Amino acid sequence: MTPRDHLRAAVLAVVLLAHGLVSMPWGPPITAENLAKPKNQEQVDAWMLLVGPIGLSRATFERLLIDVSAWIVEVDDAVTAPIKPVLHALGTGQAWALFAAPDRTPTRLVVDVQGPDGLDRTVLRVLDPELRWRHSQLRWRRVRGCYDNLGEKPTRTYSNLARWIAARAFEDFPDAASVEIKLVSTTSRAFGDTSLRPPPKVEHRKRIRLPKAP
Amino acid sequence: MTPDGPMTPRVGAAGRLRRAWETWVRLWAHEEHPRLQGAIRLGVGLCLLWDFGWIAGHDLVVPLLGGGEAGGWAPNMAGRDAAPLVYKLLPATPEVAWAFWGVLFGSALTFSLGLFTRASALVLLLAYAQSSFIVPAGDRGIDMLLRNVVMVFVFASGGAWLSLDAWRRTGSLWGDGRPRPAWPRHLLVLQLIVMYFIAGVTKLDATWLPMGGYTALWFILQDTGVARFDVAAWSEGAQAALWWPSRLGTAVTTLWELGTPLLLAVFWARHSATAASPGWKGWVIRWRPERAWMAIGVLFHVLIAITLDLGIFPFAMLALYPCLTHPSDWVRREAPNAASRDAADAAAME
């Protein structure tokens with residue numbers, strides 16, 4: 001074995017150690033506030049079926065989740081601090097969570113165009129076979145990332161996207177007086193679940209009027 | 001001799017450490033035919049070309065790669081601490097966005113063609129990383145994975161087979177078949193194992209597990225953000241036909257992802273034993289259980305491509321699968337006659 005072989009093995013050991021450390025699926029920490037949310041309480045219900053029989057009370061289990069996750073995140077932050085700037089600069093990493101938690105209330109992008117008569121006409125409703133204005137463009141993975149899972153407060157990127165969508169709509173529908181971009185959530189149900197489904201809810205709504213000519 | 005029998009040399013901690021280090025060095029030192037690295041380079045490059053081409057073909061260059069000042073979806077670049085280097089050096093105009101796209105597309109093209117392959121991989125990696133800072137929400141998990149892969153190709157022998165570099169150096173697109181370091185392919189194997197295993201470990205949501213009824217895929221198929229079909233609008237009969245297969249798929253996905261580290265044992269057996277070896281190592285080499293794992297993976301990604309609209313994700317993942325095979329697995333498909341097969345076999349031997 002040559003010195004080059006030893007050097008290569010040493011470098012690869014460092015690379016693998018670094019990527020191994022950042023691949024650990026920790027964080028963000030679980031907070032009491034987050035855990036109290038109904039969808040997370042459903043998860044605790046399910047896990048109690050497993051940990052209840054071994055003697056853990058619900059309060060103890062929740063406390064454990066909060067304390068252990070906080071400790072893990074603290075240790076992880078300290079250990080990976082020297083590595084993260086390099087990974088960030090190269091846009092590389094090992095944070096994989098492919099559909100870790102399916103979205104039970106997915107949102108759907110809907111675009112309405114208001115005509116000169118003041119009535120709204122829906123031109124895009126994602127997955128609707130008849131309302132497909134710029135469907136392939138606005139549904140594409142990189143574009144979807146800008147409006148999917150927005151949370152409670154729209155991002156700057158989403159606001160810019162909404163303005164861009166409105167600008168394209170004014171080009172494609174010259175009679176339009178305003179354009180409304182909505183994210184509508186629906187509740188998914190298991191097959192055979194006949195409980196009343198909550199009505200669709202508009203999570204975010206942005207109406208943009210035709211800019212006045214200078 | 002000792003009273004109990006022949007004397008055996010005692011190996012201390014330092015000796016055991018040295019032996020472990022030598023095993024580690026040997027593990028990364030061996031060489032193989034570069035055809036798989038070339039094939040993966042081509043597959044990944046084509047996926048990136050398609051993706052970057054899509055940006056231009058759908059009029060999204062300025063929205064996704066331009067600053068807010070130029071009509072992009074990113075916030076304004078001026079005065080932004082986290083602005084990408086390209087917009088710290090150049091003004092955030094549509095022309096710069098297009099020039100930046102040209103660098104992305106051009107480097108992906110030369111990388112795919114295998115022209116100045118390592119330099120192309122470096123430019124592609126840096127430009128791709130810069131693109132992820134412009135509109136971070138548009139940068140997905142598959143983009144990070146592909147940057148990891150491209151980073152490996154900055155050092156790999158991806159241009160030694162089916163490439164313009166091979167043609168420049170040897171007069172043949174197929175290169176000279178000279179063995180090259182195998183470690184880049186081994187890193188890609190580890191990358192796949194880490195990715196699938198961590199994806200499995202993070203599936204702690206009850207819907208992936210027995211207590212949630214293995215309903216995760218059912219809900220994912222109803223996610224209008226990613227689903228290709230509006231399953232919730234289907235008839236009850238059509239939904240019923242999907243219910244049990246989706247639950248079976250959920251259970252298989254979880255087990256398959258969590259079982260990925262078993263591949264390490266397979267590759268260790270390949271490295272350290274032969275088909276004639278006794279015990280589990282010989283069995284693994286004779287029966288090739290990794291092929292069953294790969295078959296499930298191929299089915300998994302094909303079904304994803306059919307049912308979910310995730311862009312290049314399933315195709316880019318499949319482009320990496322050749323790393324799970326060995327260069328000698330492909331010799332007989334490529335070599336035209338017995339003599340050249342023997343020669344290729346010899347070249348592919350580790």
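On a predicted model such as this, the values are computed, not experimentally measured, just so you know. Chain letters run A, B, ... following the sequence lines, proteins first, then strands; residues in each count from 1.
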inquiry  = Taking atom CH2 as the centre, does B:W244 end up with more than 12 heavy-atom neighbours from other residues, nucleotides or ligands that are less than 6.0 angstrom away?
reply    = no
remark   = Separation between CZ (A:R141) and CG (B:L308), nearest 0.5 Å, reads 14.5 Å
ask   = Does any heavy atom of chain A fall under 4.5 Å from the side chain of B:L146, the backbone, both, or neither of them?
value = neither
key: Which atoms of B:L209 approach chain A - backbone, side chain, both or neither, heavy atom under 4.5 Å   = side chain
task = With a 4.5 angstrom heavy-atom cut-off, could you sort out which part of B:F313 is near chain A: side chain, backbone, both or neither?
result = side chain
B:F155, CZ: over 12 other non-hydrogen atoms inside 6.0 angstrom = no
key: Heavy-atom proximity to chain B below 4.5 Å, by part of A:D5   = both
key: Proximity breakdown for B:L310 and chain A, heavy-atom pairs closer than 4.5 Å   = both
request  = With the side chain counted from C-beta on, respond yes when A:Q94 and B:N148 share a heavy-atom pair under 4.5 Å apart, and no when they do not.
outcome  = yes
query = Of the listed residues (A:V143, A:V126, A:T186), which shares the most heavy-atom pairs with chain B below a 4.5 Å separation?
reply = A:V143
ask   = How many angstroms lie between OH in B:Y196 and CH2 in A:W96, if you round to the nearest 0.5 Å?
value = 11.0 Å
inquiry  = Please give me the minimum heavy-atom distance between B:V25 and A:M1, naming the atom from each residue.
reply    = CG1-SD, 3.3 Å
note = Heavy-atom nearest pair, A:D103 first then B:D223, reads CB-OD2, 3.7 Å
Which atoms of A:Q43 approach chain B - backbone, side chain, both or neither, heavy atom under 4.5 Å = side chain
remark   = Under 4.5 Å to a heavy atom of chain B? For A:A10 that would be both
Enclosure of B:W21 CH2 (heavy-atom neighbours >12, cutoff 6.0 Å) = yes
More than 12 heavy atoms from other groups under 6.0 Å of CZ on B:R19 = no
inquiry  = With a 4.5 angstrom heavy-atom cut-off, is it the side chain or the backbone of B:V226 that approaches chain A, or both, or neither?
reply    = both
Proximal component of B:M151, with respect to chain A [non-hydrogen, under 4.5 Å] = side chain
message = So which residue, A:G93, A:C146, A:G20, ends up with the most heavy-atom pairs under 4.5 Å with chain B?
response = A:G93
task = Before accepting this row, confirm whether a basic side-chain N of the pair A:R108/B:D230 lies closer than 4.0 Å to the acidic partner's carboxylate O.
result = yes
inquiry  = Counting only non-hydrogen atoms closer than 4.5 Å, does B:F133 touch chain A with its backbone (N, CA, C, O), its side chain (CB onward), both, or neither?
reply    = side chain
query = Between the main-chain N or O of B:G225 and the side-chain N or O of A:R139, is there a donor-acceptor pair closer than 3.5 Å?
reply = yes
ask   = Between A:V11 and B:W28, is any pair of side-chain heavy atoms under 4.5 Å apart?
value = no
query = Can a salt bridge be assigned to the pair A:K39 and B:D205 using a cut-off of 4.0 Å between side-chain N and carboxylate O?
reply = no
task = Flag the pair A:F191 / B:E236 as yes when at least one side-chain heavy-atom distance between them is below 4.5 Å, and no otherwise.
result = yes
task = Determine, step by step, whether A:R142 and B:D51 satisfy the side-chain contact (heavy atoms from CB on, under 4.5 Å) criterion, reporting the C-alpha distance in whole Å, the side-chain angles of both residues, the deciding distance to 0.1 Å, and the verdict.
result = CA-CA 10 Å; A:R142 289 179 185 272; B:D51 204 58; 2.8 Å; yes
query = Which distance, rounded to the nearest 0.5 Å, do you find between the CG of A:L98 and the CG of B:L145?
reply = 9.5 Å
note = One option among B:E22, B:H58, B:M195 has the most heavy-atom pairs under 4.5 Å with chain A, and it is B:M195
Pairs of heavy atoms under 4.5 Å with chain B: top-ranked of A:D148, A:T105, A:L161 = A:L161
ask   = Tell me, side chain or backbone of B:R26 under 4.5 Å from chain A's heavy atoms, or both, or neither?
value = both
query = Between A:R189 and chain B, which part of the residue has a heavy atom less than 4.5 Å away: side chain, backbone, both or neither?
reply = backbone
ask   = Which bit of B:L126 comes within less than 4.5 Å of chain A, counting heavy atoms only: side chain, backbone, both or neither?
value = side chain
query = For B:W50, does the CH2 atom have more than 12 heavy-atom neighbours from other residues, nucleotides or ligands under 6.0 Å away?
reply = no
ask   = To the nearest 0.5 Å, what is the distance between CD (A:Q137) and CG (B:D59)?
value = 6.5 Å
side-chain contact (heavy atoms from CB on, under 4.5 Å) evaluation trace for B:V194 with A:H19 = CA-CA 9 Å; B:V194 167; A:H19 278 262; over 6 Å; no
message = With a 4.5 angstrom heavy-atom cut-off, is it the side chain or the backbone of B:Y128 that approaches chain A, or both, or neither?
response = side chain
inquiry  = Main chain of A:A9, side chain of B:W24: is a donor-acceptor contact present, judged purely on distance under 3.5 Å?
reply    = yes
inquiry  = Does any backbone or side-chain atom of A:T107 lie under 4.5 Å from a heavy atom of chain B? Answer side chain, backbone, both or neither.
reply    = backbone
message = Please classify the contact between B:A74 and chain A as side chain, backbone, both or neither, with a heavy-atom cut-off of under 4.5 Å.
response = backbone
request  = Please look at A:V15 and chain B and tell me whether the side chain, the backbone, both or neither of the residue comes under 4.5 angstrom of a heavy atom of that chain.
outcome  = neither
ask   = Does any non-hydrogen side-chain atom of B:R147 lie less than 4.5 Å from one of A:L90?
value = no
message = Closer than 3.5 angstrom, by distance alone: can the side chain of A:R8 be matched with the main-chain N or O of B:W183 as a donor-acceptor pair?
response = no
note = Honestly, the part of A:A13 sitting under 4.5 Å from a heavy atom of chain B is both
query = chain A: which of B:M211, B:E257, B:R140, B:M144 shares the most heavy-atom pairs with it under 4.5 Å?
reply = B:M144
request  = Step through the shown structure and confirm whether more than 12 heavy atoms of other residues, nucleotides or ligands are within 6.0 Å of CD on A:E171.
outcome  = yes
Taking every non-hydrogen atom, the tightest pair across A:R144 and B:D309 = NH1-O, 3.0 Å
task = Kindly give the heavy-atom pair with the smallest separation between B:W208 and A:F99, and that separation in Å.
result = NE1-O, 2.9 Å
ask   = Given a strict heavy-atom distance threshold of 4.5 Å, which part of B:A233 is in contact with chain A: side chain, backbone, both, or neither?
value = neither
query = Which answer fits B:P63, side chain, backbone, both or neither, if we ask what part of it has an atom under 4.5 Å from a heavy atom of chain A?
reply = side chain
request  = Give a yes or no answer on whether the side chain of A:W47 reaches the backbone of B:L204 with a donor-acceptor pair at less than 3.5 Å.
outcome  = yes
inquiry  = Quick one, B:L64 and A:W140 - any side-chain contact, counting heavy atoms below 4.5 Å?
reply    = yes
task = Return the minimal non-hydrogen interatomic distance between B:G71 and A:W164, and the atom names on each side.
result = O-CD1, 4.3 Å
query = Say you draw a straight line from OG1 of A:T157 to CH2 of B:W73; how long is it, rounded to the nearest 0.5 Å?
reply = 9.5 Å
message = Quick check: closest heavy atoms across A:N160 and B:G72, and the distance to 0.1 Å?
response = ND2-O, 3.8 Å
ask   = chain B heavy atoms under 4.5 Å from A:S136: which part of the residue, side chain, backbone, both or neither?
value = both
inquiry  = Can you tell me if B:K88 has over 12 outside heavy atoms packed within less than 6.0 Å of its NZ?
reply    = yes
note = Max heavy-atom pairs within cutoff under 4.5 Å with chain B, candidates A:T155, A:T2, A:L49, A:L16, goes to A:L16
key: Top of B:A137, B:P136, B:P75 for chain A proximity - count of heavy-atom pairs under 4.5 angstrom   = B:A137
